[in-house]
Amino acid sequence: IEIEPTGASSAKIVWEWHQWDHIIQDFDEEKDNYGNVTSHPELIDINFSQSIDMDITHFNSIDYIEEHDLIVLSAHHYSELWFIDHSTTTAESATHEGGKRGKGGDLVYRWGNPQAYKNGLPSEQLSFLQHDAVWLDGLPSNGGNLMFFNNGDATIDRAYSTVDEIMIPIDENGNFELAANTMNGPISVEWRFQQDDFFSNVISGAQRLKNGNTLICEGMKGLLHEVTSNKETVWKYNLPLPIKMIFRAYRYPKDYSAFLGKSLHRLEIEMEY
């Protein structure tokens, strides 16, 4: 949902999108939304979800691509990144038509796990239970325009994490080619951080800093570290006990607007360099 503030503690919903309006299933032709999953990559196969409960997708991040009026979602239980068109009206977002791209609220692109729409093999999966998909608009890049924490999945012999930066195949007008019966690219990453014993199977994230470095939150270990584009660690911090893990971390400059008019006090902590 997109909300517009109407007061200090109130707001109104001005736009919304529901994944339930864009479901497909090929299990029972007697039921709603029956169709050929392979031929409709713009729709979400409700039967694919890797969840064992009612939390079908488990969105864990959302980012807005202002330049193209797109929203990118991290669908954890599908091991995919989904792109939807924000230029639709709320009414159009519930359909398969309308908006700048003429697809309504259907997925205009998806990436990371072609098995989720029956167009690939396990060996072609590139995203694994990921978190924190961030569009790098206005930030230094190592060749890609989207970065995310690729958690990994020990159940399928991918018991390690990476921070990946990929180049999404989007044209200057903000359009993708989402073709049926094929796997969506890219098939390789532009930049990757990986090292021995780097593994957080859940939570975690990464932030690209203005100086080109990347702040990484290895959530399950309660470990923060900053690395250069050459993957050299320049700062590291372990959260003190009893804190054992952290969902995500961000670095804010001293002139950050939320700090204006506030008294800031330095917290002395031990840092490992």
Side-chain angles (χ1 to χ4, degrees), residues 1-6 10-26 31-37 39-51 53-114 116-119 127 129-137 145-149 166 168-171 173-180 184 205 248:
I1 61 174
E2 177 184 351
I3 60 173
E4 176 186 331
T6 58
S10 61
K12 64 179 180 179
I13 296 175
V14 296
W15 182 87
E16 58 187 278
W17 175 89
H18 297 260
Q19 69 176 42
W20 203 253
D21 296 321
H22 308 282
I23 294 295
I24 191 171
Q25 58 90 14
D26 59 3
K31 300 223 174 346
D32 293 340
N33 305 307
Y34 180 79
N36 187 323
V37 172
S39 300
H40 292 280
E42 76 281 6
L43 300 177
I44 302 160
D45 180 7
I46 191 173
N47 292 315
F48 175 78
S49 177
Q50 298 168 312
S51 171
D53 54 33
M54 295 176 63
D55 181 5
I56 296 174
T57 46
H58 192 74
F59 293 144
N60 56 41
S61 75
I62 180 172
D63 201 14
Y64 177 57
I65 307 174
E66 183 175 7
E67 177 185 2
H68 301 304
D69 204 9
L70 287 165
I71 292 171
V72 57
L73 300 166
S74 173
H76 177 272
H77 288 337
Y78 282 69
S79 288
E80 283 192 296
L81 306 178
W82 293 348
F83 293 77
I84 58 176
D85 190 350
H86 177 258
S87 73
T88 60
T89 64
T90 293
E92 289 172 335
S93 77
T95 71
H96 312 294
E97 298 179 351
K100 176 182 176 181
R101 296 159 183 86
K103 298 181 183 297
D106 288 345
L107 305 185
V108 295
Y109 206 71
R110 64 195 304 172
W111 182 88
N113 187 12
Y117 50 103
K118 297 187 176 180
N119 279 286
S127 190
L129 306 175
Q130 76 292 323
H131 283 74
D132 200 15
V134 179
W135 190 254
L136 296 176
D137 182 42
N145 50 23
L146 191 139
M147 184 175 69
F148 63 100
F149 193 99
I166 59 175
I168 293 294
I170 184 171
D171 68 21
N173 297 316
N175 295 316
F176 304 89
E177 182 181 356
L178 181 58
N184 299 316
R248 198 164 294 161

Chemist: Apply ring pair (Phe, Tyr, Trp, His ring centres under 6.0 Å) to Tyr34 and list each qualifying residue two or more places apart in sequence or on a separate chain.
Modeler: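 Partners of Tyr34 by the ring pair (Phe, Tyr, Trp, His ring centres under 6.0 Å) criterion come out as none, since no residue qualifies.
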Chemist: Show every donor-acceptor pair shorter than 3.5 Å between a side-chain atom in residues 39-47 and any protein atom, with sequence neighbours excluded, or say none if there are none.
Modeler:
residue, atom, partner, partner atom, Å
His40, ND1, Glu42, OE2, 2.9
Asp45, OD1, Asn47, N, 3.1

Chemist: With sequence neighbours left out, write down each residue that passes side-chain contact (heavy atoms from CB on, under 4.5 Å) with Asn33, or none if nothing qualifies.
Modeler: Ile23
Chemist: Looking at residues at least two apart in the chain, or sitting in another chain, which of them share a side chain to side chain donor-acceptor pair (under 3.5 Å) with Trp15?
Modeler: Thr88
Chemist: Mind checking what makes side-chain contact (heavy atoms from CB on, under 4.5 Å) contact with Asp171, not counting sequence neighbours?
Modeler: Asn173, Asn175
Chemist: Using modelled atom types and a 3.5 Å cut-off, is there a donor and acceptor pairing between side-chain atoms of Glu92 and backbone atoms of Glu97?
Modeler: no
Chemist: Hey, does Arg110 have a side-chain heavy atom less than 4.5 Å from the side chain of Leu178?
Modeler: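 Yes, close enough: below the 4.5 Å cut-off.
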Chemist: Can you name the salt bridge (charged side-chain N to carboxylate O under 4.0 Å, His left out) partners of Lys12, sequence neighbours left out?
Modeler: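 Expected list: none.
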Chemist: List the residues meeting side chain to side chain donor-acceptor pair (under 3.5 Å) with Asn145, not counting sequence neighbours, and say none if there are none.
Modeler: none
Chemist: For Glu16, what residues pass the side chain to side chain donor-acceptor pair (under 3.5 Å) criterion, not counting sequence neighbours?
Modeler: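 Counting only residues at least two positions away or on another chain, Glu16 forms a side chain to side chain donor-acceptor pair (under 3.5 Å) with His18.
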Chemist: List the residues meeting side chain to side chain donor-acceptor pair (under 3.5 Å) with Trp111, not counting sequence neighbours, and say none if there are none.
Modeler: none
Chemist: Sequence neighbours excluded, which residues qualify as salt bridge (charged side-chain N to carboxylate O under 4.0 Å, His left out) partners of Asp63?
Modeler: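 Partners of Asp63 by the salt bridge (charged side-chain N to carboxylate O under 4.0 Å, His left out) criterion come out as none, since no residue qualifies.
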Chemist: Report the residues that fulfil side-chain contact (heavy atoms from CB on, under 4.5 Å) with Ser87, sequence neighbours left out, ordered by chain and then residue number.
Modeler: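 side-chain contact (heavy atoms from CB on, under 4.5 Å) check on Ser87 returns Asp69, Asp85, Lys100, Arg101.
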Chemist: So does Ser127 get a backbone contact from the side chain of Asn113, meaning a donor-acceptor N/O pair under 3.5 Å?
Modeler: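 Such a contact is absent between Asn113 side chain and Ser127 backbone.
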Chemist: For residues Trp20 and Ile56, report the shortest heavy-atom separation together with the two atoms involved.
Modeler: CZ3-CD1, 4.0 Å
Chemist: Could you pull out all residues at least two apart from Ser61 that satisfy side-chain contact (heavy atoms from CB on, under 4.5 Å)?
Modeler: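 Per chain and number, Ser61 pairs via side-chain contact (heavy atoms from CB on, under 4.5 Å) with Ser74, Ala133, Arg248.
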